[in-house]
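This report concerns only the one structure given below.
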Amino acid sequence: MKKLITAAIALLPLLASPLVRTVEIGLADGDALRSAITEAIGAKIKNDTLVIKLISGRYEFSPSTAERRELYISNHDQVNPKAVGILIENTRNVILDGGGAELLFHGRMLPVALLNSSGCSMRNFSIDFPNPQISQVVVEENDTAAGRVAYRPEPWVDWEVRDSTFIVKGDGWEHTPKTAIAFEEGTRRIVYRTGDLRVGVRKVFVDDKGRVNAPWKDPRLKPGTRVAMRGYGRPAPAIFLNSDTATTLLNIAVRYAEGMGVLAQNCVDVSLDSCAVALRVPEDPRYFTTQADATHFSSCSGTVTVADCLFEGMMDDAVNIHGTYLKITEIIDSATVRGRYMHHQSWGFPWGAPGDTVRFVASATMDTLGAPLAIKAIRPLADNGAPLPSAHGAREFLITLSAPIPSLPIGEDCRVERAAASGSLVRNPALPSLGLENLSRTPAARFARNTVRHNRARGALFSTPRPVVCEDNTFDHTSGAAILLCGDCNGWYETGACRDVTIRRNTFINALTTPYQFTEAVISIYPVIPDIEHQRHPFHSGISITDNRFVTFGTPLLYAKSTSGLRFLRNTLETNTDYPPYHPAATLPITLIACPAAETEPPHPAN
């Protein structure tokens, strides 16, 4: 297809104030569109506002012709390089207006990336993959006596049975599914108490009706059930925001991504307004959306706002806001430490900068140690300890602080040795397990008037000490907890302690139909504290849960651990018989563990 580019100046060039310039791009293939966007940004005058407007239509992108970039993305697989569909970087005051365009991506791609930019916004388009890596099949027959299920892959699934193994494939990829989520026909809700299914993809065959027969022994999979079969890979989100300031996403729909819907890291002030990670229409034959979270904000600052959005059918949470603890691997001297990214999906991007405020935490008790300190200098290191020119691709950092480290053991006995052959860490039991949190890269958050439904795992996760407001949302059949406040310096290494959280006027409908990690109740406050017996101070504080409506078949409403000053007041409860109660704490609506000065009352029956 040919491209059509026209330009219009919104203000006369004689005016001294910045201009608004509009560039219109007609129907084009992905290469032409990417080139036109790059050309328009290259011609942009620094302080002017550039509006790039697409003519409504369908734009297709192929990984074979995409620009390839080495990008390290929080909470994703660090496989590089990545094929990028639309790339906008090192600019300011650019508006990408899709005009209702459908952006279709093939193979494995990062559809849209906005890097190192300020004052930019994107709006009015959708992102989808015609052949997603999640493979949906329809159960047609379930022979429970024989322990076999006959299913038919949906028409868009490219599959084959090879050596009695079910294999799915696409442009540049193929895999055998490892797990699955089952959705009810019609309601599109996750089947009660199924959770992550272990689906057998070996010892299968195709019968004379063209159906795949598999050794599944699960009576809950009734004919008509849609089973979304998937692997564990998450190579890229649909939209990646990195080191941006004042970014707005408006009226954008993500239909599928092999990673998350929107991933923002090291950004300042991000706003999502009227966006969706959702099915195309109610009649969409697909029952799933993203492989992981709908939205995820890692080490951001300023304010994160998510309002008037719809999130459904994800394989993980609707929103997760957190930072990342570094594990202290070596104490060099009284003011210098060495810290390491620990989780295999979170490394390779900048962790801090001179002037940032940091704080030590004891991993076992999650107690904070001493007063916050400022970073005087930070240097990225290779695994062998050699300096790196930038944090790009780094796992470790040498950090010098502005004042002596308080109350920590210092000396030669605290050094961590390295195996000479591999360079891997060798634990020295003399060094206590310590983490380092960057307090400067923690945002305030507002999550308001959103709908979260029919997804796996959890609804909204908040881990930040700055003010959080979660209000007027509807959490409808989240299969795990609707809200989680965590904090973990032992496994996921996601910070941190909440200090000011308001959860009000939300509606929770039949949450927790399946237990997942940290989902002890509809609202779960569950920091990971291996040694809570020796903890000196509660981890969380200042959490208020008021005026919410709980609609449930019989699940615990609140579980809280290590939280001071908790308030659970003026909430209402409606019970139903939609599902049989199963939770061991179903008769205990509120469970508090190490929560001093809590103010709670049983929920009031609904009128």
Side-chain angles (χ1 to χ4, degrees), residues 320-323 325 357-373 406-407 433-439 442-447 458 460-471 481-504 506 518-548 550 556-571 585 588-603:
N320 189 351
I321 300 173
H322 67 89
Y325 289 111
T357 300
V358 300
R359 179 170 57 194
F360 288 90
V361 62
S363 300
T365 62
M366 296 300 286
D367 280 316
T368 57
L369 305 175
L373 299 171
S407 306
S433 184
L434 305 172
L436 192 64
E437 177 182 9
N438 189 333
L439 296 173
T442 53
R446 183 167 182 259
F447 190 78
R458 295 156 293 262
L461 282 65
F462 306 107
S463 298
T464 175
R466 304 191 191 276
V468 173
V469 176
C470 177
E471 62 185 3
I483 296 176
L484 170 64
L485 310 180
C486 193
D488 177 11
C489 194
N490 296 276
W492 288 97
Y493 285 85
E494 293 183 1
T495 64
C498 293
R499 296 285 179 255
D500 182 355
V501 177
T502 299
I503 300 172
R504 64 191 175 200
N506 301 285
F518 312 127
T519 59
E520 299 299 309
V522 176
I523 298 176
S524 186
I525 305 172
Y526 197 138
V528 178
I529 307 171
D531 186 12
I532 195 169
E533 181 181 354
H534 294 97
Q535 186 184 53
R536 296 179 299 170
H537 305 289
F539 184 70
H540 292 299
S541 62
I543 299 170
S544 174
I545 305 168
T546 60
D547 303 302
N548 299 282
F550 293 86
L557 307 182
L558 172 66
Y559 174 94
K561 179 167 64 175
S562 189
T563 303
S564 66
L566 174 66
R567 298 174 69 243
F568 186 88
L569 304 170
R570 302 190 307 278
N571 300 292
L588 298 173
I590 301 173
T591 298
L592 305 180
I593 300 173
C595 293
E599 184 181 359
T600 67
E601 64 181 15

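If you're wondering where the values come from, they're calculated on a predicted model, not measured in any experiment. All heavy atoms count here, side chains included; hydrogens, waters and symmetry mates do not.
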Look at the rings of F462 and F447 and say which category their plane angle falls in: under 30° parallel, 30 to 60° tilted, over 60° perpendicular. perpendicular
Distance check, rounded to the nearest 0.5 Å: T600 atom OG1 versus I545 atom CD1? 10.0 Å
Start with the C-alpha gap between E494 and C486, add the side-chain angles, then the distance that decides, and say whether side-chain contact (heavy atoms from CB on, under 4.5 Å) holds. CA-CA 8 Å; E494 293 183 1; C486 193; over 6 Å; no
Show your reasoning for whether side-chain contact (heavy atoms from CB on, under 4.5 Å) applies to C470 and I483. CA-CA 9 Å; C470 177; I483 296 176; 3.9 Å; yes
Could you check whether any side-chain N or O of E437 sits under 3.5 Å from a backbone N or O of Y325, counting only pairs where one atom can act as donor and the other as acceptor? no
Separation between OG1 of T368 and CG of L439, rounded to the nearest 0.5 Å: 9.5 Å
How far does CG of N548 sit from CD1 of I523, to the nearest 0.5 angstrom? 5.5 Å
Could you give the distance from CE (M366) to CD1 (I532), rounded to the nearest 0.5 Å? 11.0 Å
We want to know whether E520 and T591 form a side-chain donor-acceptor pair, criterion being a heavy-atom distance below 3.5 angstrom. no
Nearest 0.5 Å please: distance from the CZ atom of F360 over to the SG atom of C489. 11.5 Å
Under the rule for side chain to side chain contact (heavy atoms under 4.5 Å, CB included), what residues qualify as partners of S564, not counting sequence neighbours? P538, S541, P596
Do R570 and D547 sit within salt-bridge range, that is, some charged N less than 4.0 Å from a carboxylate O? yes
Residues that N438 engages under side-chain hydrogen bond (donor to acceptor under 3.5 Å, both in side chains), provided they are two or more places apart: D356
Starting at CD of E599, measure out to CG of L569 and round the result to the nearest 0.5 Å. 4.5 Å
